[in-house]
Number of protein chains: 2
Amino acid sequence: MSSPELLLSNQLCFLVHRLDRLINARYKPLLSALGLTYPQYLAMLALWERQELGVGELCEILDLDTGTVSPLLKRMESLGFVERQRRSDDERAVTVRLSEAGRALEEKARTVPGALASCLLRSEAEYGELKALLSGLIERLDERACGESGL
Amino acid sequence: MSSPELLLSNQLCFLVHRLDRLINARYKPLLSALGLTYPQYLAMLALWERQELGVGELCEILDLDTGTVSPLLKRMESLGFVERQRRSDDERAVTVRLSEAGRALEEKARTVPGALASCLLRSEAEYGELKALLSGLIERLDERACGESGL
DNA sequence: CGCAATAATGTAGTACGCAATATAAACTAC
DNA sequence: GTAGTTTATATTGCGTACTACATTATTGCG
């Protein structure tokens, strides 16, 4: 029989993975009412915040590869939420801007986070605690390989 | 400008999503040394625990669709880690069993969770706290649609 | 003019959810 | 008790997404 460290129910990774998929499933009906998928919603959050972004900037914000973001933006453009334009002063770069429809969507999206929070959270304090905990874990993993090659 | 509830950095969903992908990335090199992907590893954890499972049981344990698990098992079978056999007493059902190679892999996998934990966690207490917190959130989302249909 | 840097695109493999299908078992009606 | 319906189980197909790797295009520097 398995030793306790290999029990599925003891794996934090499994809990995080499961929670991520459950959250995703909760968002899905709310977002499909807006015409967005979950990753598209995250990209829209970034754009509502900044209005205009380079593709590279968006990749950094979302921590995604350009190979992921490029087709994502292509779909969002064909849906009419964003416009892409190659920069005239640097022909390598592409600027992503909200369209009118994309800006209009922000108003409709305003109720979305609250709907999820009411499912997930019991108090403002819990929100803060969770945010701090998750941010801490992310920071530890993001920095560098832990044991290896110290610093 | 965005209202605070739409700020990307304030979204727990984004933090969970990001953490999940970071964990996944950390596991990848460890698991590819075993010849497994991350979801395959989770399936193996379940099998090491139970030796023999129906496809449906595995779907429930992992909380995955049969449409996800079926091709996953097909790949794992072609890799030689599991065997699938239609049950004689119920031709609808398929039983999944570990192969010899699959059983042998457990020994090599024993060091994997600890490697991640040393990256992620600072203490045993933190592990317990996180496990309780995440489990609680999962339970809330798993139960049913929150506001809807009372009860 | 080459060479390196940066950004965008393309490709292959895996994963996930949903819908449709095939087959088998169980249940209902008469 | 058999015919027809319903339920259960697994597989397949489709659309979207993420990752790693390779390729292409533009720019800036030596």
Side-chain angles (χ1 to χ4, degrees), chain A residues 13-14 17-32 35-44 53-79 81-82 84-96, chain B residues 13-14 16-29 31-32 35-44 53-60 62-79 81-96:
Chain A
C13 69
F14 180 56
H17 191 56
R18 195 148 141 58
L19 181 58
D20 183 42
R21 284 186 296 116
L22 284 169
I23 290 174
N24 206 311
R26 283 299 166 119
Y27 266 113
K28 180 164 283 190
L30 302 174
L31 294 180
S32 79
L36 294 172
T37 66
Y38 186 59
Q40 286 169 5
Y41 170 68
L42 296 179
M44 289 301 281
L53 285 169
V55 174
E57 287 177 297
L58 191 55
C59 289
E60 195 174 350
I61 291 171
L62 299 176
D63 191 33
L64 288 173
D65 192 82
T66 57
T68 300
V69 170
S70 254
L72 188 71
L73 289 173
K74 193 182 277 189
R75 281 187 287 268
M76 291 169 71
E77 187 175 37
S78 77
L79 289 168
F81 295 135
V82 303
R84 287 186 298 171
Q85 191 178 10
R86 206 160 270 277
R87 267 171 55 191
S88 56
D89 62 321
D90 185 345
E91 292 282 333
R92 294 174 301 183
V94 168
T95 297
V96 183
Chain B
C13 69
F14 181 55
V16 173
H17 190 57
R18 196 149 142 58
L19 181 57
D20 183 43
R21 283 189 296 118
L22 284 170
I23 290 174
N24 206 312
R26 282 300 167 118
Y27 266 112
K28 180 163 282 191
L31 294 180
S32 80
L36 294 172
T37 67
Y38 186 58
Q40 286 170 5
Y41 170 66
L42 297 179
M44 290 301 281
L53 285 168
V55 173
E57 287 177 297
L58 191 55
C59 288
E60 195 173 351
L62 300 176
D63 192 33
L64 288 174
D65 192 85
T66 58
T68 299
V69 170
S70 254
L72 187 72
L73 289 173
K74 190 185 275 188
R75 283 187 286 269
M76 290 170 72
E77 186 175 39
S78 77
L79 290 169
F81 295 136
V82 304
E83 291 152 10
R84 287 187 297 171
Q85 190 177 12
R86 210 158 268 277
R87 268 170 52 190
S88 56
D89 62 322
D90 185 345
E91 292 281 332
R92 296 173 300 184
V94 168
T95 296
V96 184

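The sequence lines fix the lettering, A, B, ..., with proteins before strands; numbering per chain opens at 1. Note that the structure is a prediction, hence the values are computed from the model and not measured.
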Practice problem: Could you encode protein contacts along nucleotides 3-15 of chain D as a string, one character per nucleotide from 5' to 3', using B for base contact, S for sugar-phosphate-only contact and - for no contact, with a heavy-atom cut-off of under 4.0 Å? | Solution: -----BSSBB---
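- Residues F81(A) and Q40(A) form no side-chain contact, since every pair of their non-hydrogen atoms from C-beta on lies 4.5 Å or further apart.
- Comparing S88(B) and Y38(B) by the nucleotide of DNA chain C that holds the closest heavy atom to each, the one mapping nearer the 5' end is Y38(B).
- As rounded to whole Å, 15 Å separates atom P of dT16(D) from atom CG of L31(A).
- Judged as a side-chain hydrogen bond (donor to acceptor under 3.5 Å, both in side chains), the pairs with a partner in residues 58-74 of chain A (not counting sequence neighbours) are, in order, D63(A)-R18(B).
- In the set dT16(D), dA15(C), dG17(C), dG17(C) carries the atom at the smallest distance from any side-chain atom of K28(A).
- Between T37(B) and dG13(C) there is no side-chain N or O to OP1 or OP2 distance below 4.0 Å.
- dA7(C) atom C1' lies 15 Å from atom CG of L53(A), rounded to whole Å.
- For Y41(B), the ring pair (Phe, Tyr, Trp, His ring centres under 6.0 Å) partners are Y27(B), not counting sequence neighbours.
- With rounding to whole Å, N24(B) atom CG is found 14 Å from dG13(C) atom C1'.
- For R21(A) and dG17(C), the shortest distance from a side-chain N or O to OP1 or OP2 is below 4.0 Å.
- We find that OH of Y27(A) is positioned 19 Å from C1' of dG17(C), with the value rounded to whole Å.
- Contact check, Q40(A) against dT16(D): no side-chain N or O comes under 4.0 Å of OP1 or OP2.
- At dC16(C), one or more side-chain N or O atoms of H17(A) fall inside 4.0 Å of OP1 or OP2 (strictly under the cut-off).
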